[in-house]
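When a ligand or atom number is given, it counts from 1 through the structure's own listing order.
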Amino acid sequence: MIKDLITKSRSYRRFFQEVAIDRRILRELVDLARLSPSAANLQPLKYILSCEPKKNALIFQHLGWAGYLKDWPGPAEGERPSAYIIILGDTEIDPAIHCGANRLTPPSLWRGCDHGIAAQSILLGAAERGLGGCIIGTVKREELRRALALPARYEILLVLALGKPKETVVIEPVGTGGDIKYWRDNQGVHHVPKRSLDSIVIG
Ligand SMILES: Cc1cc2nc3c(=O)[nH]c(=O)nc-3n(C[C@H](O)[C@H](O)[C@H](O)COP(=O)(O)O)c2cc1C
């Protein structure tokens, strides 16, 4: 059932780093993104795959993890993602493609949806395979661009961290105070408050 798969597909940030994900699996996941909707059917997204420890380490140092967990700097060595998919926008296909909120005017407003859809397709495919991951928008983009020697035509939109999850993530209702910040308990369980259906269907 799609609801089961979506429920299982949480944001995971700690992994069994020793469990490798090979390039063939990453290509199969990108193929799910390839089949996903695209504004004006432009299909401006391109992808960089990483599953080698050296390249993974290079990517890792440019990512920001779990902004609400102030005392947690991100996954420790041994619990880091074993693979990444970097979603790029090809500006030679769509000059308006961007990663930030500063150009949210038509048509870049709706064209800006493609990478989110692609990310979710990939994460659902990962969940179906017993893997998990996290969409990372907090990326030192210029530094990562330089580290990867990425040509100027590509914008780094999102980084997807992937691996075999090593943590428990639970969904719970947003409390009466309305706080939506995720939190981690002293057993290391990660809690994600979700708003109720009645509060989001407004008409
Ligand atoms: C566009 C986008 C950007 C995100 N960027 C980050 C990020 O930079 N770092 C991070 O740890 N999580 C990031 N996340 C994950 C969210 O924090 C996560 O989706 C949210 O806490 C809800 O948890 P859930 O995915 O398990 O429902 C991002 C999610 C989205 C959709």
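- Those atoms of ligand 1 that come under 4.0 Å of a heavy atom in W65, given as number and element, are 11 (O).
- Note: W183 and H191 have parallel aromatic rings, judged against thresholds of 30 and 60 degrees for the angle between ring planes.
- Those atoms of ligand 1 with a heavy atom of A66 less than 4.0 angstrom away are 9 (N), 10 (C), 11 (O).
- Remark: distances from the non-hydrogen atoms of H190 to ligand 1 are all 4.0 Å or more.
- Here the rule is side chain to side chain contact (heavy atoms under 4.5 Å, CB included) with C51, and of L26, I25, D22 only L26 fits it.
- Applying the 4.0 Å criterion to heavy atoms of R10 picks out, from ligand 1, the atoms 24 (P), 26 (O), 27 (O).
- Not one N or O of V169 is nearer than 3.5 Å to an N or O of ligand 1, by distance alone.
- Contacts between V192 and ligand 1, counted as non-hydrogen atom pairs separated by less than 4.0 Å, involve the side chain only.
- Near G137, with a cut-off below 4.0 Å to any heavy atom, the atoms of ligand 1 are 3 (C), 4 (C), 5 (N), 6 (C), 7 (C), 8 (O).
- Between the side chain of N56 and the main chain of S82, a donor-acceptor pair closer than 3.5 Å is present.
- In terms of N/O distances under 3.5 Å, ligand 1 is not approached by Y182.
- Linking Ile, Leu, Val, Met, Phe, Trp and Tyr residues whenever their side-chain heavy atoms come within less than 4.5 Å leaves I117 and L124 in two separate clusters.
- Counting heavy atoms under 4.0 Å from ligand 1, residue C134 touches it through the side chain alone.
- Within ligand 1, the atoms closer than 4.0 Å to a non-hydrogen atom of I136 are 5 (N), 6 (C), 7 (C), 8 (O), 9 (N), 10 (C), numbered from 1 in the order shown.
- Transitive grouping of hydrophobic side chains (ILVMFWY, heavy atoms separated by less than 4.5 Å) brings V169 and I180 into a common cluster.
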